[in-house]
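Since this is a predicted model, take the numbers as computed values, not measurements. Just follow the structure's listing: the first ligand is 1, and inside any ligand the first atom is 1.
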Amino acid sequence: MNAANTLYAQRRAALARHIGPNGIAILPTAPEQQRNRDSDFLFRHDSYFYYLSGFTEPKAWLVITGDGKTTLFCQPKDLEREIWDGYRLGPDAAPEALGIDAAFSLADLDQRMPALLDGRDAVWYPFATHSRLESRIDGWLSGLRAKVRYGMLCPDQQRDLCSVLDEMRLIKDTHEQDVMRRACAISAGAHVRTMQRCAAMLRAGQEVREYHLDAELLHEFRQHGSQYPAYSSIVAAGANACVLHYRADAGRVQNGELVLIDAGCELDGYASDITRTFPANGVFSGPQKTLYELVLASQEAAIAATKAGARFTDPHDATVKVLAQGMLDVGLLDKNKVGGVDDVIEKRAYFPFYMHRTGHWLGMDVHDCGAYTEPSEIGQVSERCDALTGDLIKDRPARILRPGMVLTIEPGIYVRPAAGVPEQFHNIGIRIEDDAIVTESGCELISRDVPVSVAEIEALMR
Ligand code: GLY
Ligand code: MN
Ligand code: MN
């Protein structure tokens with residue numbers, strides 16, 4: 001078996017141990033999605049499916065039984081369809097190519113499932129992820145139940161396959177970390193290229209639109225073998241940066257404004273997720289620099305708080321502490337109205353300018369799977385009233401970070417014009433986002449091939 005197949009086989013073996021000798025796991029890949037009329041969106045495999053198989057074709061199902069056997073159902077060879085749509089591995093070649101035990105045509109799925117399910121105690125499948133999956137499985141189970149008088153045995157438990165796979169995917173092995181480092185290096189190169197092009201175009205007197213910068217990102221992603229962006233790139237000029245989910249559109253990039261770019265490529269199934277905010281012309285103005293350095297200081301505090309043994313919420317809390325103090329210092333918040341830093345945190349007075357969390361898991365999915373609460377402390381629930389909404393919040397202990405977890409660290413400040421908000425900061429939106437692998441003693445930032453300090457950004461764009 002080749003090295004990649006060994007990796008997938010090890011993951012399937014770990015899953016088989018988890019579901020027990022009599023369990024069975026059933027997992028389809030992602031459905032193809034129609035874009036309009038007879039055009040589909042570009043196909044992207046299901047992440048769980050890929051994690052266990054490395055197989056990227058559409059229309060495929062994996063069945064893994066607790067005895068460690070793996071069966072694939074996939075598209076059969078079909079010369080005519082392959083002439084139109086491309087190569088198919090096909091069931092005859094699949095066992096050897098993928099290192100699995102058996103493969104059949106997808107057309108055989110319904111006919112073969114009862115025998116695969118017969119005598120199993122629990123059937124595991126991903127809950128609430130694939131539309132109509134439950135009814136498909138119900139159909140197989142009811143078919144099996146109809147035959148119990150002939151000696152067949154129907155599983156009596158249904159379990160969520162995500163709960164097992166999420167925990168496995170949360171810790172990235174060395175292969176995954178390596179792919180993610182490479183994805184980040186490509187994305188960092190794309191940010192560098194785009195910053196430089198932006199300043200150069202403005203200097204040459206050319207009109208710069210957000211889509212010009214989006215095109216630079218895409219060029220660099222594809223030049224280096226990335227299959228596609230890991231998510232819709234955000235390229236936001238000026239005030240557009242205050243729209244958190246803004247997309248690269250047609251906005252004019254003006255001399256003197258900041259540009260916020262949140263973009264990362266996907267490489268071999270793994271996402272990167274980087275944000276940089278830079279002056280379009282290559283030089284920060286005074287107010288821009290003031291807020292930028294505040295966000296950067298808050299990110300540094302978050303980075304220092306990211307290490308094995310810390311809680312997932314520690315980087316966020318560290319960020320908020322720095323931002324809250326900074327907002328008071330620069331006059332975004334008036335201490336006569338909101339009090340000191342502890343009051344700002346307690347009452348969440350910073351929220352109008354910083355309304356998102358400081359990070360998320362990163363992996364195959366940009367907002368990757370994995371529980372954010374600590375599984376070993378799940379029963380420890382405390383209740384409190386939210387300071388802003390008055391809603392009752394149930395707090396559970398946050399996840400304890402462990403080596404191999406990968407997360408983003410992405411503080412920001414977004415200033416919409418409002419009464420009492422100093423005008424010099426109006427319409428400035430800043431986010432700085434890096435990707436970190438948790439280590440024993442701290443974290444490894446894997447996205448820093450693109451600079452982050454004011455001096456380095458200005459030097460790069462000069
Ligand atoms: N790009 C999505 C995020 O930063 O979470
Ligand atoms: Mn991002
Ligand atoms: Mn992110």
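Counting the atoms of ligand 1 from 1 in the order shown, those under 4.0 Å from a heavy atom of H367 are 2 (C), 3 (C), 5 (O). Close approach of ligand 1 to E433 (heavy-atom distance below 4.0 Å) involves ligand atoms 4 (O). Within ligand 1, counting atoms from 1 as listed, the ones closer than 4.0 Å to a heavy atom of H360 are 3 (C), 4 (O), 5 (O).
Salt bridge annotation for R311-D317: absent, with no cationic side-chain nitrogen under 4.0 angstrom from a carboxylate oxygen. Using a cutoff of 4.0 Å between basic side-chain nitrogens and carboxylate oxygens, K172 and D368 are scored as salt-bridged. With respect to D173 and R11, a salt bridge is recorded, a charged nitrogen being found less than 4.0 Å from a carboxylate O. Using a cutoff of 4.0 Å between basic side-chain nitrogens and carboxylate oxygens, E167 and R402 are not scored as salt-bridged.
Nearest protein heavy-atom neighbour of atom 3 (C) of ligand 1: D273 OD2, 3.3 Å.
Ligand 1 lies nowhere less than 4.0 angstrom from a heavy atom belonging to R431.
Put simply, the side chain of I261 does not reach to within 4.5 Å of the side chain of R276, judged on heavy atoms.
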List the steps, then state whether salt bridge (Lys or Arg N to Asp or Glu O under 4.0 Å) holds for R181 with E444. CA-CA 10 Å; R181 281 189 195 94; E444 175 193 345; 2.7 Å; yes
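Residue-level proximity to ligand 1 for T275 is absent, since no heavy atom of it falls below 4.0 angstrom.
Ring geometry for Y354 against H356 counts as perpendicular: the plane angle is over 60°, on a 0 to 90° scale with 30° as the lower cut. Taking the six-membered ring for Trp and thresholds of 30 and 60 degrees, F312 and W361 have ring planes inclined between 30 and 60 degrees apart.
The Mn ion (ligand 2) has D262 OD1, D262 OD2, D273 OD1, E433 OE1 as protein N, O or S atoms under 2.8 Å away.
Taking 2.8 Å as the criterion, H360 counts as a coordinating residue of the Mn ion (ligand 3), since one of its N, O or S atoms falls below it.
Between V406 and M180, the shortest heavy-atom contact is CG1-CE, 3.7 Å.
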